[in-house]
Amino acid sequence: DTSAVSRVDGAFISSNAAETRDWPSVGLDYAETRYSRLAQINGGNVKNLGLVWAYNLGSTRGVEATPLVVDGVMYVTASWSVVHAIDVRTGKALWTYDPKVPKETAAIACCDVVNRGVALYHGKVFVASLDGRLIALDANSGKKVWEQDTRLSAKLPFTITGAPRVIKGKVMIGNGGAELGLRGYITAYDAETGKQAWRFFTVPGDPAQPFENKAMEMAAKTWDPSGEYWKGGGGGTVWNSIAYDADLNLMYIGVGNGSPWSHKARSPAGGDNLFLGSVVALNPDTGEYVWHYQETPGDNWDYTSTQDIILADVKIEGKPRKVLMHAPKNGFFFVVDRTNGKFISAKNFVDVNWATGYDSNGRPIELAEARSTTTAFDAVPGPFGGHNWHSMSFSPKLGLAYIPVQNIPLVMQHDPSWSFGSNKPGQPMSGIGWNTAMHLNTRPPKSLPFGRLIAWDPIQQREVWRHNHVSPWNGGTLATAGDLVFQGSADGRFAAYDARTGESLWETPVGTGVIAAPSSYEVDGKQYVSIAVGWGGVYGEAARATERNTPGTVYTFALGGTAKAPDFVQYQMSGLLTGVKYNPADVPAGTALYVSHCVFCHGVPGVDKGGHIRNLGYVPAAEIENLDKFVFKGPMMPLGMPDFTGKLSKEDVEKIKAFIQGTADAVRPKAN
Ligand SMILES: O=C(O)c1cc(C(=O)O)c2c(n1)C(=O)C(=O)c1cc(C(=O)O)[nH]c1-2
Ligand SMILES: [Ca+2]
């Protein structure tokens, strides 16, 4: 019943946490545990789990949302921030809402046209749209009640992919865009009216202007103004995690990477660059700074700390402690005292080569080569992170966190020729506004890709078990009181594991790669598990691990479910490109242009196999022969492809063609 959302408020979310019959906020509870206390589905019967219904979201790009469910109604988002309200009892739509995001927004979205879900409060559904709006909908009708533009300016590359959270009647939302160049912040809006309550910036602004608050005055001391970081914004976007402790009246935000990535370019004399790569505790009533813990001082590797923050009460050396747990991109698992931000412990959960560990003050012990400004560094983890936004969960019963971890190799090298807004061939995606001040893969990476699900003991700081996946970029996790861990995978399966041992207990194909996290809830006394699938996210644009390409779909499972899965769609790709005429002398210049305009979406021609965006080494030759017709006001613009008119010349396009066909020729197996 959609009217049940009228009962959702802070007390509802807090009391639901005891039994978790509903799933009323994106991380399930304010502590963001993603631990369902339902145990009807358990290790003994999970093999009888079956499909109850599948719902086609009608999307072809990444789906990252966790389905929220209250009283048998599901609220979930698809690509392009489209909201679907679904009746769990029938699997049918109650309403949908399309915020009609302009398609050209895709060009300023670093990481796919994704959305991680909605928030519910007092009869409203809140969604943040890719183009930077926070929208309140009537939960009954799906009609818009209010809308706010959260951007500082429509001219700046603001996007939103994250789910809002409602804390004490205020809707909290940050944004993305630090790859292109922004100053990060989080804003609170009144849930009823949409009126802005407060805004907290995460990095200092233009020193010619007064500081907004004492926290900014403190932060500014850790930046070198000769880098003129405020011109590009400095970064520190709050694009994913927000947790809340009602007793302490503190909310915790995860702060993103530096903009540009290169520390040297951003802050030439060094400095920690607060609050990049930090967890910051704020007063939710006022947005005032309370404390911070910086996990990556002086970020130089796109090491965001926006990964999920989980709050837990644990015993450490016999003493009960209120902690937060965090596994950010930088590869270390952190346990921090959430009352005061004091470091407790950190240990790497994947191999890392930028630091050997953390000292007792919570500072990383770095390796000098990781900051070399003259040589290339095979960063492990790389900018994709040892763990990205794919949600972790925590079972308080077993004391284990379940983390989708990975390595995606990438070599980084400081680019001394970069200046803010420069667009030079070879600067990664600078043609659509990226500002990394790093060259990438100037030589092939030596580290190897992998993806795993690990169970991590935060007290002992050690891995308890691991399950190896075939590829990086697997889905978020759900832990349950039935001692199960649910997770979807890049190769298109949804599976349950024994939460104690990691043993695979059940799995089902879901038609495409999975990146989102599942949720679990009870309707009419029955426990359900739902997962929204849709391959994509930043890695999934250009790479994939399954031959299936089924549209975005929500699958809902229960014991004894017998529904038939929809027909799965095969990924269509042409053979390796052949026959496009080109001048081999154009290949080097074409390579540099391809890097500055095409590579993050289309991958390396003939090497990558395409994600939800096609690899240009595997398209019909006629399309590459007519490449100019695709890059200048081309037919893919309605799908989000940028128009390169005025950015590339006809000659540039010839050079890019040379690179595409030349690379395809270079990788073609030779007949002997
Ligand atoms: O710095 C930013 O503002 C920002 C934003 C986002 C985003 O909003 O999705 C991502 C990232 N950075 C990022 O570094 C990253 O690895 C990433 C992956 C994804 C995704 O949805 O797959 N988004 C983002
Ligand atoms: Ca980033």
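Just so it is clear, the values below take in all heavy atoms, side chains as well, and ignore hydrogens, waters and symmetry mates.
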Original post:
Does the side chain of Thr187 pick up a donor-acceptor pair with the side chain of Arg199 at under 3.5 Å?
Top reply: yes
**OP:** Check whether any side-chain heavy atom of Leu49 lies under 4.5 Å from a side-chain heavy atom of Ile41, and answer yes or no.
**Re:** yes
Original post:
Just by distance, do the side chain of Lys397 and the backbone of Ala481 share a donor-acceptor pair under 3.5 Å?
Top reply: yes
Subject >> Side-chain touch Thr480/Leu38, heavy atoms, less than 4.5 angstrom >> reply: no
**OP:** Could you tell me whether a side-chain N or O of Thr550 sits under 3.5 Å from a main-chain N or O of Val569, the two making a donor and an acceptor?
**Re:** yes
**OP:** Run the ring-centre check on Tyr185 versus Phe158 and record whether the distance is less than 6.0 Å.
**Re:** yes
Original post:
side-chain contact (heavy atoms from CB on, under 4.5 Å) with Glu64: which of Asn240, Asn115, Val114?
Top reply: Val114
Subject >> Heavy-atom side-chain proximity of Ser3 to Asn140 below 4.5 angstrom >> reply: yes
Subject >> Carboxylate-amine/guanidinium contact Arg183 Glu212, below 4.0 Å >> reply: yes
Original post:
Taking Arg34 as the fixed residue, which of Thr66, Ile310, Thr477 is the one that meets the side-chain contact (heavy atoms from CB on, under 4.5 Å) rule?
Top reply: Thr66
**OP:** Using the ring of Trp535 (Phe, Tyr or Trp, six-membered ring only), decide whether Arg544 places NZ or CZ under 6.0 Å from its centre and within 45 degrees of its axis.
**Re:** no
Original post:
Any ion pair linking Arg61 and Asp112 (charged N to carboxylate O, less than 4.0 Å)?
Top reply: yes
Subject >> Side-chain (Glu507) to main-chain (Arg493) donor-acceptor, under 3.5 angstrom >> reply: no
Subject >> Verdict with supporting geometry, Ser519 and Ser530, side chain to side chain donor-acceptor pair (under 3.5 Å) >> reply: CA-CA 5 Å; Ser519 59; Ser530 293; 5.2 Å; no
Original post:
Is there a donor in the side chain of Gln487 and an acceptor in the side chain of His467, or the other way round, less than 3.5 Å apart?
Top reply: no
Original post:
Do the non-hydrogen side-chain atoms of Asn388 and Tyr539 ever get within less than 4.5 Å of each other?
Top reply: no
Original post:
Heavy-atom distance under 4.5 Å between the side chains of Asn249 and Lys168, does that happen here?
Top reply: yes
Original post:
Out of curiosity, Ile13 CD1 to Asp22 CG, how far, rounded to the nearest 0.5 Å?
Top reply: 10.5 Å
**OP:** For the pair Phe494 and Trp506, name the ring-plane relationship: parallel under 30°, tilted 30 to 60°, perpendicular over 60°.
**Re:** perpendicular
Original post:
Is it true that Asp1 and Arg89 make a salt bridge, defined as a side-chain N closer than 4.0 Å to a carboxylate O?
Top reply: no
Original post:
Sequence neighbours excluded, which residues qualify as side chain to side chain contact (heavy atoms under 4.5 Å, CB included) partners of Asp29?
Top reply: Ala17, Ala31, Thr33
**OP:** Report yes if some heavy atom in the side chain of Ser14 is under 4.5 Å from a heavy atom in the side chain of Tyr30; otherwise report no.
**Re:** yes
Original post:
Is any side-chain heavy atom of Tyr521 closer than 4.5 Å to a side-chain heavy atom of Val88?
Top reply: yes
Subject >> Under 3.5 Å donor-acceptor, Tyr252 side chain and Leu311 backbone >> reply: no
**OP:** Taking Arg116 for its side chain and Trp239 for its backbone only, find out whether a donor-acceptor pair lies under 3.5 Å.
**Re:** yes
**OP:** Describe, in one word, how the ring planes of His390 and Trp473 are oriented to each other, choosing from parallel (under 30°), tilted (30 to 60°) and perpendicular (over 60°).
**Re:** perpendicular
Subject >> Polar side-chain atom of Arg37 near backbone of Tyr35 as donor-acceptor pair, under 3.5 Å >> reply: no
Original post:
Any donor and acceptor pair, going by atom type alone, linking the side chain of Thr96 with main-chain N or O of His84 inside 3.5 Å?
Top reply: no
**OP:** Please say whether the positively charged group of Lys103, taken as NZ for Lys or CZ for Arg, lies over the ring of Trp80, i.e. under 6.0 angstrom from the six-membered ring centre and within 45 degrees of the axis.
**Re:** yes
Original post:
Does some side-chain heavy atom of Asp9 sit less than 4.5 Å from a side-chain heavy atom of Tyr121?
Top reply: yes
Original post:
Is the Tyr189 to Phe126 ring centre distance short of 6.0 Å?
Top reply: no
Original post:
From Trp23 CH2 over to Met74 CE, what is the distance, rounded to the nearest 0.5 angstrom?
Top reply: 11.0 Å
Original post:
Does the ring center of Tyr497 lie less than 6.0 Å from the ring center of Tyr402?
Top reply: no
